[in-house]
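Along the sequence shown, residues carry numbers from 1. It should be emphasised that the depicted structure is a prediction, and the values quoted were computed from it without experimental measurement. Basis for what follows: all heavy atoms, side chains included, without hydrogens, waters or symmetry-related copies.
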Amino acid sequence: MEKVMITVATTGAFPTKGQNPNIPLTPQEIADDVYECWKAGASIAHVHVRDDEGKGTMNLEKFKETVQLIRSRCDIVLNLTTSGDLNATNDDRIAHLIELKPEMATFDAGTMNWMHDTLFINHPHFLEKLGRITMEHAIKPEIEIMDAGMVYNSFHYVNKGVLNTPGHYQFVMGVPGGIGATIENLVFLKGLIPQDATWSAFGVGRHHLPILFATIAMGGHVRVGMEDNVFYTKNRLAKSNAEFVERAARLIREAGKEVASPDEARQILKLHNHGERSMLS
């Protein structure tokens, strides 16, 4: 049967306890939450960390603590963000990859106007360096697509030799400043990527469920979690990230498919050197 990977994005850089008191922010809270999501069926954890004031950060020590806590408890695939703080330097955005060597990391494939408020800058020279670092350390880039032009940007870095193929694409839909979260746009984006690529998608906020349903129906992989949506249903806050994972797993099975385990995700994505990375002895 077809295997579907569930990525859980537990934290992000922006949601606050004021928006949902159940969002995990400290390394221990994030690790505990990821563990519960792993038990519920998540095969990949997309990891952000926060500073002591609860703000998004690329602080290496926070990543080290969080990753160690997660790896000591479960074998979930770790996908570490490279964009946890819009003010971080390029070196700060890469240092944790060199130090921790996760199995995956985000590759945000272009610059955009973020939330109609600020700039999310991914300079071409930074993306080239990031691509080379992921190749050097056998890290699988998750190519983040927030608008259609970013797909074509990714082809440039493939042609330049700093992104391997087949790629794994994550369609980020519904962020103000990026592509709208519609079924038509999802079909359009899927049609742009190479046939041998793997892909996943999610819709932000109220667009979460329509994109989740459509992605499962179209044969994609899924992402859920409070980074993208703090509400489980209209007017009801999510009690936990595991609640999102449980629903996604239920829908995958109802569609006649199976939820991929972490090791099955590693096979689907052709990850490297995962044995030494998945858990600490």
Closer than 3.5 angstrom, by distance alone: can the side chain of [X] be matched with the main-chain N or O of [Y] as a donor-acceptor pair?
X: Glu29; Y: Thr26; value: yes
X: Asp196; Y: Pro166; value: no
X: Asn22; Y: Ala238; value: yes
X: Gln19; Y: Thr16; value: yes
X: His221; Y: Met5; value: yes
X: Asn241; Y: Thr10; value: yes
X: Asn113; Y: His116; value: no
X: His137; Y: Ile139; value: no
X: Glu264; Y: Ser261; value: yes
X: Glu243; Y: Lys239; value: yes

- Given side chain to side chain contact (heavy atoms under 4.5 Å, CB included), test Ile143 with Val151 step by step and report yes or no. CA-CA 8 Å; Ile143 304 169; Val151 176; over 6 Å; no
[X] versus [Y], closest heavy-atom pair with distance:
X: Arg50; Y: Gly54; value: NH1-O, 2.7 Å
X: Phe63; Y: Thr81; value: CZ-CG2, 3.9 Å
X: Ala13; Y: Gly84; value: CB-O, 3.4 Å
X: His208; Y: Asn229; value: CB-ND2, 3.7 Å

- Message: Under the criterion salt bridge (Lys or Arg N to Asp or Glu O under 4.0 Å), I'd like the reasoning laid out for Glu103 against Lys140: C-alpha separation, chi angles, the key distance, then a yes or no.
- Response: CA-CA 6 Å; Glu103 294 178 82; Lys140 178 88 171 188; over 6 Å; no
Sidechain N-carboxylate O distance under 4.0 Å for [X], [Y]:
X: Arg132; Y: Glu136; result: no
X: Asp228; Y: Arg223; result: yes
X: Lys55; Y: Asp85; result: no

Under a 3.5 Å threshold, yes or no: a donor from one side chain and an acceptor from the other, between [X] and [Y]?
X: Thr106; Y: Thr82; value: yes
X: Gln170; Y: Glu142; value: yes
X: Arg93; Y: Asn122; value: yes

Please work out whether the ring planes of [X] and [Y] are parallel, tilted or perpendicular, with thresholds of 30° and 60°.
X: His46; Y: His48; answer: perpendicular
X: Phe171; Y: Trp199; answer: tilted
X: Tyr232; Y: Phe244; answer: tilted

- Looking at Lys257, Gln267, Glu258, which hits side-chain contact (heavy atoms from CB on, under 4.5 Å) with Lys3? Glu258
- Lys NZ or Arg CZ of Arg206 over Phe231 ring: under 6.0 Å, within 45°: no
